[in-house]
Amino acid sequence: MRMSVYFAPTMKEAPAEAEVPSHKLLLRAGYIRKLASGIYEYLPLGLRVLRKIENIIRKYMDEAGALEVLLPILTPAELWQETGRWDVYGKELFRLKDRKNRDFALGPTHEETITDLVRKNIHSYKDLPKNFYQIQTKFRDEARPRYGLIRGREFIMKDAYSFDISEEMAVKSYEIMKETYHKIFSSLGLDYIMVEADVGAIGGKYSHEFVVKVPNGEAHIVYCEKCGYAANVETAKYEFELDKLPPEDEKPLEKVYTPNVSSVEDVAKFLNVDTKKIVKTLVYILSDGRKVAVLIRGDRELNETKLINYFKVLDCRLATSEELKEMNIVEGFVGPIGLNLPIYADISVKDLHNFVIGANEKDYHFINVNIPRDFEPIEFVDFSTARENDPCPVCKAPLKETTGLEVGHIFLLGTKYSEAMKAYFVDKDGKEKPIIMGCYGIGVSRLMAAAVEQSYDENGIIWPEEIAPFKLMILPLNIKDEKIKNKAEEIYKKALDLGIEVLIDDRNISAGAKFKDADLIGIPYRIVIGRKLKDGIIEFQKRTGEKEEISINDIDNLLEKLK
RNA sequence: CGGAGCGUAGCUCAGGUGGCAGAGCACGUGCCUUGGGAGCACGGGGUCGCAGGUUCAAGUCCUGCCGCUCCGACCA
């Protein structure tokens, strides 16, 4: 491709609205443009990257035996009503009406549609297993689109759905997808990690996330370098046995005056005790209306996902100041003794001695509290958010913490959708049974951003070779110099003949501008043809920084290597 | 959805107390230049987000709306 006729509008400055590196660079380098919040146009360069990513995904999905389909984006409300998600999905679901006033939704995901296809066309165990996938635009009316391609309202996703005759076979399908995802993400040239994940609202038995490691990512994960354990902090087990304080003799319970001292830090300072000996009492309202008190050691953070899962509710939240007042609870001095609420405790509170709690009275705390002498929780449960240096739940080595971007998520769904939508098959024994499902997503457009987040410098993008829009860029520094121009054209033609994806900057602009644009766009390899041509020398550069001067006689060898 | 901020040329932004719409970059033409976003000259480009109000006069003050971004909640 020739830059002189291409469309890659670069910008010296990033638009003020762009905050994160991938957003700024993809805009500046002419890969994308914004149409509206969370809605982007893919320019020629951007589309090439998308296609590269898609093709890698396709290759491994096909290899795994998955069958590519293309489902409608526009889906009738009836399907969503069947599974109840028309109501549950909420405002995130883009809804619209047709001319006859019928309700439709723009597909945010396609469990309903694919299950409908399967129930209408697959009836026997002989037709199973099946795995269908598609690469398609998805719509979610996000409350807060952000970070460019990372969280959009319209985005491109690969979604796949497996259908099996038994739990055992479904697990097998799941494992095949897990392997396939490993192949895909390593082929994309990305530094990623697979972690255990929460199943979330989509439901199901278990789930893994594939997370590209980037600084300041949205996903918080802990992992063990020793044994390979890795999990989202939402779901990572807290191994408290190794985090316990040494046993102590019980001291007599005492109420102490702690004027205006309520936060854990303040109480620790005021009473001169370790935050590990202070116990926070949090009052939560569950989505089914229940109110509970949850105790957790002062140095730990409560994990609401674990709370939701334990109480088997959809959601939970901390009680507001007003609600506490209505319950006659003294905010800032809440404690389990004399509290008229069901009391649950995080395992961090177990075997804790002589600790501090609120006295349910303004400006007072109890010290030297002991379980079960002074009160007894209903149950000790793992409610803690895992964090760096916690012992690994598998091998006890200290965990590492990192952040990343979730780019893939796989779920073993079970029969949630097949039962709701009556997707049954007749088994060998003649009995009708629900099909066991799995679903598997990859954020294609988000991957494009994730790749940039992982690999860039102050001058621009540094694409992994696997997904770069072009492999080679040729820079004739002075197009008015016939010799330079002709040599560049000659190399360009050779590269094309060899099937190398090559971009030549044949524009009549200054050398500096060509270098700046080339750095910004981030093509992995570069041949620079300038002054030294008269000595028979051209330069071969990698976007990562290495440069070497080579003789024009070695060009054929060089191109052969790039093939 | 809660909190904060912003909206003036394609982009980045300046335009105290109300008084002729601005700069740099980008764009066009010409000259010159070609190893890190060169220089000179000339030129084109605006519904100052929208609507209403106050005023002799509004980019500027007031009200409402819209859009965009950030923090949080949410997020298969």
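In the text below, chain A, chain B and the rest are named by the order of the sequence lines, each starting its count at 1.
In this structure, the NZ atom of A:Lys516 is 15 Å from the P atom of B:rG35, given to the nearest Å.
Judged by distance alone with a 3.5 Å cut-off, no donor-acceptor contact links the side chain of A:Arg146 to the base of B:rC70. Looking at A:Asn478, its side chain has no donor and acceptor atom pair within 3.5 Å of the base of B:rG35.
By the side chain to side chain contact (heavy atoms under 4.5 Å, CB included) test, A:Ile176 is found to be paired with A:Ala64, A:Thr180, residues two or more places apart in sequence or in another chain being considered. Applying the side chain to side chain contact (heavy atoms under 4.5 Å, CB included) criterion to A:Ala14, with sequence neighbours excluded, gives A:Lys24, A:Arg28. Not counting sequence neighbours, the partners of A:Ser162 by the side chain to side chain contact (heavy atoms under 4.5 Å, CB included) test are A:Asn131, A:Asp164, A:Ser173, A:Tyr440. Listed by chain and residue number, nothing satisfies the salt bridge (charged side-chain N to carboxylate O under 4.0 Å, His left out) test with A:Lys325 (two or more places apart in sequence, or in another chain). A search for ring pair (Phe, Tyr, Trp, His ring centres under 6.0 Å) contacts involving A:Tyr147 returns nothing, not counting sequence neighbours. Residues meeting the side chain to side chain donor-acceptor pair (under 3.5 Å) test with A:Glu68, sequence neighbours left out: A:Arg58, A:Tyr133. Listed by chain and number, the residues in a salt bridge (charged side-chain N to carboxylate O under 4.0 Å, His left out) with A:Lys130 amount to none (sequence neighbours excluded). With sequence neighbours excluded, the residues satisfying side chain to side chain contact (heavy atoms under 4.5 Å, CB included) with A:Ala386 are A:Val222, A:Ala236, A:Asp390.
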For nucleotides 26-30 of chain B, tabulate all protein N/O to nucleotide N/O atom pairs closer than 3.5 Å, reporting atom names and distance.
none

Interface polar pairs with nucleotides 8-13 of chain B, N/O, under 3.5 angstrom:
{"unit_1": "B:rU12", "atom_1": "OP1", "unit_2": "A:Ala16", "atom_2": "N", "d": "2.3"}
{"unit_1": "B:rU12", "atom_1": "O4'", "unit_2": "A:Glu13", "atom_2": "OE1", "d": "3.4"}
{"unit_1": "B:rU12", "atom_1": "O2'", "unit_2": "A:Glu13", "atom_2": "OE2", "d": "3.3"}

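Rounded to a whole angstrom, the distance from the P atom of B:rG44 to that of B:rC65 is 41 Å. Comparing the C1' positions of B:rC11 and B:rA26 gives an interatomic distance of 7 Å, to the nearest angstrom. Atom P of B:rC32 sits at a distance of 48 Å from the matching atom of B:rC70, rounded to the whole Å. Only the C1' atoms considered, B:rG53 is 15 Å distant from B:rU60, to the nearest whole Å. Comparing the same atom, P, in B:rG49 and in B:rU34 gives a spacing of 44 Å after rounding to whole Å. Taking atom C1' in both B:rG39 and B:rC25, the straight-line distance is 15 Å, to the nearest Å. For the P atom pair drawn from B:rG67 and B:rC62, the interatomic distance equals 22 Å after rounding to whole Å. Only the P atoms considered, B:rG43 is 14 Å distant from B:rG22, to the nearest whole Å.
Distances were taken from every side-chain heavy atom of A:Ala511 (C-beta onward) to each of B:rG35, B:rC1, B:rG37; the shortest belongs to B:rG35. Distances were taken from every side-chain heavy atom of A:Lys91 (C-beta onward) to each of B:rU33, B:rC1, B:rC75; the shortest belongs to B:rC1. With distances taken from any side-chain atom of A:Lys480 to the nucleotides B:rA73, B:rU33, B:rC68, the minimum falls on B:rU33. Distances from the side chain of A:Ser37 to the nucleotides B:rC68, B:rC74, B:rC75 place B:rC68 closest. Among the nucleotides B:rU33, B:rG37, B:rG35, the one closest to the side chain of A:Asn508 is B:rU33.
When heavy atoms are screened at a 4.0 angstrom cut-off, A:Tyr161 is found touching no nucleic acid atom at all. A:Glu218 comes within 4.0 angstrom of nothing in the nucleic acid, heavy atoms only.
Under the 4.0 Å criterion applied to side-chain N and carboxylate O atoms, A:Lys158 and A:Glu54 are not assigned as salt-bridge partners.
Every pair passing salt bridge (charged side-chain N to carboxylate O under 4.0 Å, His left out) that includes a residue from residues 441-458 of chain A is listed here, sequence neighbours excluded: A:Asp457-A:Arg543.
Counting heavy atoms from C-beta on, the side chains of A:Asp159 and A:Cys439 never come closer than 4.5 Å.
In this pair, A:His182 and A:Phe210 present their aromatic rings perpendicular. The plane angle is above 60°, beyond the 30 to 60° band.
For RNA chain B, each stem of at least three Watson-Crick or G-U pairs (distances under 3.5 Å) is given as range with range: B:1-7 with B:66-72, B:10-13 with B:22-25, B:27-31 with B:39-43, B:49-53 with B:61-65.
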